[in-house]
Amino acid sequence: MKRILLILLIATTALTVSAARHEPYTTSRIFWDMGSRQTLFQSALYARMKELQDGRLIAVTNISDNIVVSFSSNKGLSWTTPATIATHPNMQHLFDAEVVQLSDGTIIIPYNIGTNQPYSDDRHYGVQLNISTDNGHSWGNPITVYTAGPDFGTGCWEPAILELPSGELHLYFSDESPFPGNNNDQCIQLTRSFDKGGTWSNVETISYRPGARDGMPVPVIIGDSIIVTIEDSQWPGELTFVPVTLRSSIEENWRGITIPATSNRRNQVIDYSWTPRTWGGAPYLCVLPWGETVLSRQAYHESGSYDIMNQYVYIGDEQARGFKAISQPFPDNAESKVSVEWNSIAVVDTGVVIALGGVGAKGAVNRHVDIVRGYPMREFKAWYGTPTVDGTIGSGEYHTKQATQVKMGTNTIGERVYADFSYDEQNLYFAIRVYDSTPNNEGSSVDCVHLLLDPHNLCETVPAAGVIDITLRTDGTYLFQEGRNYLWTTFEPAAPLDMQVNLASRFYTIEAAIPWKALGHEAPPQQQRMGMAIEVQDRREGKTLVETMPDVKRGQSWTYMTFRLEDHELGIQQTNRFPSGEDGRGTLSTRDSYDLQGRRIGDDYRGIAIQKGRKIIKR
């Protein structure tokens, strides 16, 4: 009997590792550009941003207990000096500001007003807002929307406004005032305006979990649904706050709906089969131009300490479910112990995601808000051209001027990584620059880059023949491996590659010409989907850090990024493509035939076609 069970166990194990084709991974993944990081606000933490109808960006926060705004006319590359639009009364403070522009151009900034100690019955927490009807040039007097209790335990927090197709406005906020004497309970309230924010209705409770703290609501409209993400402090099986969504149809419009603890309208939407289970709230929800959704939240995933948060961002489907592809705009902060909290995101331009992080909520003297650009991508490309393989990136050799099509570095190593591709009839060309304060090219363990390729679109679930891992080492050597018997096995390619390494004090550059014959092709497969992924190994004293692309599983080529060859030449020598210097920072291109990501207008990325002035969703 034992022998039969052993045979069955062996057979079952063999089945679990047998090769099988899987449909390729199609969800977008965000690639953050560490070189784009800049400080937006000094002496602030909680900031929000929107793109206005005239193309400018507006950002809002509280500094010195007042509400301030700043504008950018170049998609966030530079900002105006913060201007105060609301000043706090004596013994009170203003905080938690948000911003929205209505369909008629009206800009509304809602925020909280709080009271300082000693508390007094003549001063209360509440929600106020200021309105601009001239595109942010001037602002009206504060309008009181709601009055809560007189002390911190009966306060209200985090207002956010949503405009319905009918023109009705919703204002959502967290509220403790219905529960005096019980500081653990908090609900989500809704109030309505039918005159563009001038007056507001009595509040309605739309969600309440007794004994818990529903908080930080952020509403969006998707199709015929109103979806509000909140933080839920008592989701079953979780240690503390997690993001959830609340749902009502536009037709229902929350009439008579209060979502209790157990309801099919209350959903935990992160796909933990892909992402690590972690805790922390402060969710923020946006919709990408092609329908996918983006969820930001704070969590102590890396630090293990609630006092050291960081910002994590996920991509979800067109119904704001199934969030995965976890990434982080800011590098790991477990060692620095500088927390990044009360974060948010904004979707601007043709789908760029800007992360706003409150740096120094704990562990730093100077609090400030930093921003980082992220690029949701479904595929990468190689353009026709023949670079010189010399370890130096020429301005016209790759798809982007400084070979920055692929942007990595934030998820693990905390250093900028840029990569790009070209190709011709003989070779696939790969260039990568890794900023590294401890470059290592000596001894048995050296820094290296793994270029993972599925050149025949096999989309396997295990390492399989035809799926190739090319290890490019900083000592100038390389290694080819492919899947054999479900393991990675070294092999000699049909033709050797040409490789050059340029090792500097704080970065290294690798360029390689990989013959198509080494990848099993006699000619460049221009009409074929391929798979591609990059992994960077940074060897440091006593440890090795590994930087990977979101959701890539090294042995499962179906999770690699879609990779295609463009069938025409680069043609970038004649244009100023959003240049990126040695420090990785960009400057705005003066050519309007290219967008802010340095891409040719009309290029197809992430399944959408980018056209000047509009976006066309491609199915």
Side-chain angles (χ1 to χ4, degrees), residues 10-25 29 274 380 406 408 411-413 417 419 421 427-430 432 434 440-441 443-499 501 508 510 512-521 525 528-540 543-563:
I10 294 172
T12 302
T13 303
L15 285 173
T16 61
V17 299
S18 60
R21 178 176 173 80
H22 194 291
E23 288 301 308
Y25 187 110
R29 299 173 244 203
W274 281 95
F380 290 106
V406 182
M408 299 172 62
N411 290 329
T412 303
I413 64 176
V417 176
F421 300 87
N427 300 301
L428 172 67
Y429 297 93
F430 173 62
I432 186 166
V434 179
N440 180 12
N441 71 332
S444 58
S445 297
V446 298
D447 293 339
C448 66
V449 174
H450 291 266
L451 177 59
L452 302 163
L453 294 170
D454 184 359
H456 301 280
N457 194 31
L458 300 175
C459 291
E460 295 284 1
T461 56
V462 297
V467 179
I468 297 173
D469 175 1
I470 306 173
T471 306
L472 306 170
R473 299 191 181 99
T474 52
D475 63 1
T477 63
Y478 63 85
L479 179 71
F480 272 72
Q481 293 179 294
E482 72 172 338
R484 294 178 184 172
N485 298 321
Y486 318 126
L487 299 173
W488 291 108
T489 304
T490 302
F491 75 99
E492 287 294 328
L497 63 76
D498 182 16
M499 171 185 172
V501 178
Y508 63 85
I510 297 176
I514 307 164
W516 289 115
K517 289 183 178 181
L519 303 179
H521 286 292
Q528 176 183 306
R529 179 198 181 273
M530 296 182 282
M532 179 277 295
I534 297 170
E535 180 181 287
V536 178
Q537 292 190 6
D538 181 11
R539 302 188 188 278
R540 302 181 183 180
K543 60 183 177 181
T544 299
L545 301 181
V546 180
E547 177 79 13
T548 61
M549 293 176 166
D551 278 2
V552 164
K553 301 182 187 300
R554 184 167 175 263
Q556 301 182 38
S557 66
W558 72 274
T559 68
Y560 296 178
M561 295 290 299
T562 292
F563 183 54

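Starting from 1, each residue takes its place in the sequence as its number.
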inquiry  = Looking at D475 and T477, would you say the former's side chain and the latter's main chain have a donor-acceptor pair under 3.5 Å?
reply    = yes
message = Show, in sequence, the C-alpha distance, side-chain angles and deciding distance for L472 and L479, and conclude whether the side-chain contact (heavy atoms from CB on, under 4.5 Å) test is met.
response = CA-CA 7 Å; L472 306 170; L479 179 71; over 6 Å; no
key: Donor-acceptor contact below 3.5 Å, side chain E482 vs main chain A464   = no
request  = Could I get the full list of side chain to side chain contact (heavy atoms under 4.5 Å, CB included) partners for T559, not counting sequence neighbours?
outcome  = W274, V552, K553, Q556
Exercise: identify the closest heavy-atom pair between T548 and M408 = C-CE, 3.8 Å
request  = Could you label the plane-to-plane angle of the F430 and F421 rings as parallel, tilted or perpendicular, counting under 30° as parallel and over 60° as perpendicular?
outcome  = tilted
ask   = Hey, does L519 have a side-chain heavy atom less than 4.5 Å from the side chain of I514?
value = yes
request  = Please check if the side chain of D454 supplies one atom and the backbone of C459 the other of a donor-acceptor pair under 3.5 Å.
outcome  = yes
note = Heavy-atom closest pair (N457 atom, Q528 atom, distance to 0.1 Å) is N-NE2, 3.9 Å
key: Spatial distance of atom CD (Q481) from atom CH2 (W488) [nearest 0.5 Å]   = 7.5 Å
task = State, to 0.1 Å, how close P455 and G466 come at their nearest heavy-atom pair, and which atoms those are.
result = CD-O, 3.3 Å
ask   = Do the side chains of T474 and V434 get nearer than 4.5 Å, heavy atoms only?
value = no
inquiry  = Check whether T412 reaches the backbone of V546 with its side chain - one donor and one acceptor, N or O, closer than 3.5 Å.
reply    = yes
inquiry  = Keeping E547 on the side-chain end and N411 on the backbone end, is there a donor-acceptor pair under 3.5 Å?
reply    = yes
message = I want to check something: taking the side chain as every heavy atom from C-beta on, are P463 and L487 in contact at a cut-off of under 4.5 Å?
response = no
inquiry  = How long is the straight-line distance from CD1 of I413 back to OG1 of T544, given to the nearest 0.5 Å?
reply    = 12.0 Å
key: Minimum side-chain heavy-atom gap Y478-C448 below 4.5 Å   = no
message = Ignoring hydrogens, what is the shortest heavy-atom contact between Y429 and A513? Give both atom names and the distance.
response = CE2-CB, 3.5 Å
key: Atom pair NE2/NE2 of H456 and H521 - distance to nearest 0.5 Å   = 4.0 Å
inquiry  = My understanding is that only residues two or more places apart in sequence, or in another chain, count here; which of them pass salt bridge (Lys or Arg N to Asp or Glu O under 4.0 Å) with D469?
reply    = R554
query = Can you tell me if D447 uses its side chain to pair, donor with acceptor, with the backbone of R539 under 3.5 Å?
reply = yes
inquiry  = Checking I534 against L452 for the side-chain contact (heavy atoms from CB on, under 4.5 Å) test, could you report, in this order, the C-alpha distance in whole Å, the side-chain angles of both residues, the deciding distance, and whether it holds?
reply    = CA-CA 6 Å; I534 297 170; L452 302 163; over 6 Å; no
message = Give me the atom names and distance for the closest heavy-atom approach of E23 to W558.
response = O-CE3, 3.2 Å
query = For I510 and M499, what are the C-alpha separation, side-chain angles and deciding distance, and is it a side-chain contact (heavy atoms from CB on, under 4.5 Å)?
reply = CA-CA 7 Å; I510 297 176; M499 171 185 172; 4.1 Å; yes
message = Check whether R29 reaches the backbone of P550 with its side chain - one donor and one acceptor, N or O, closer than 3.5 Å.
response = yes
query = Rounded to the nearest 0.5 Å, what separation is found between the OH atom of Y560 and the CD atom of E460?
reply = 10.5 Å
ask   = Between the side chains of H450 and T471, does any donor sit under 3.5 Å from an acceptor?
value = yes
request  = For side-chain contact (heavy atoms from CB on, under 4.5 Å), just list the numbers for M549 and V406, CA-CA rounded to whole Å, side-chain angles, deciding distance to a tenth of an Å, and then say yes or no.
outcome  = CA-CA 10 Å; M549 293 176 166; V406 182; 3.7 Å; yes
request  = Supply the atom-to-atom distance M532 CE to I468 CD1, rounded to the nearest 0.5 angstrom.
outcome  = 14.5 Å
D498 atom CG: more than 12 heavy-atom contacts under 6.0 Å = yes
key: Whether F491 and F480 hold their rings parallel, tilted or perpendicular, with breakpoints at 30° and 60°   = perpendicular
inquiry  = How close do G531 and F563 get, counting heavy atoms only, and between which atoms?
reply    = C-CB, 4.3 Å
request  = Could you tell me the separation between the CG atom of L453 and the CG atom of L451, rounded to the nearest 0.5 Å?
outcome  = 4.0 Å
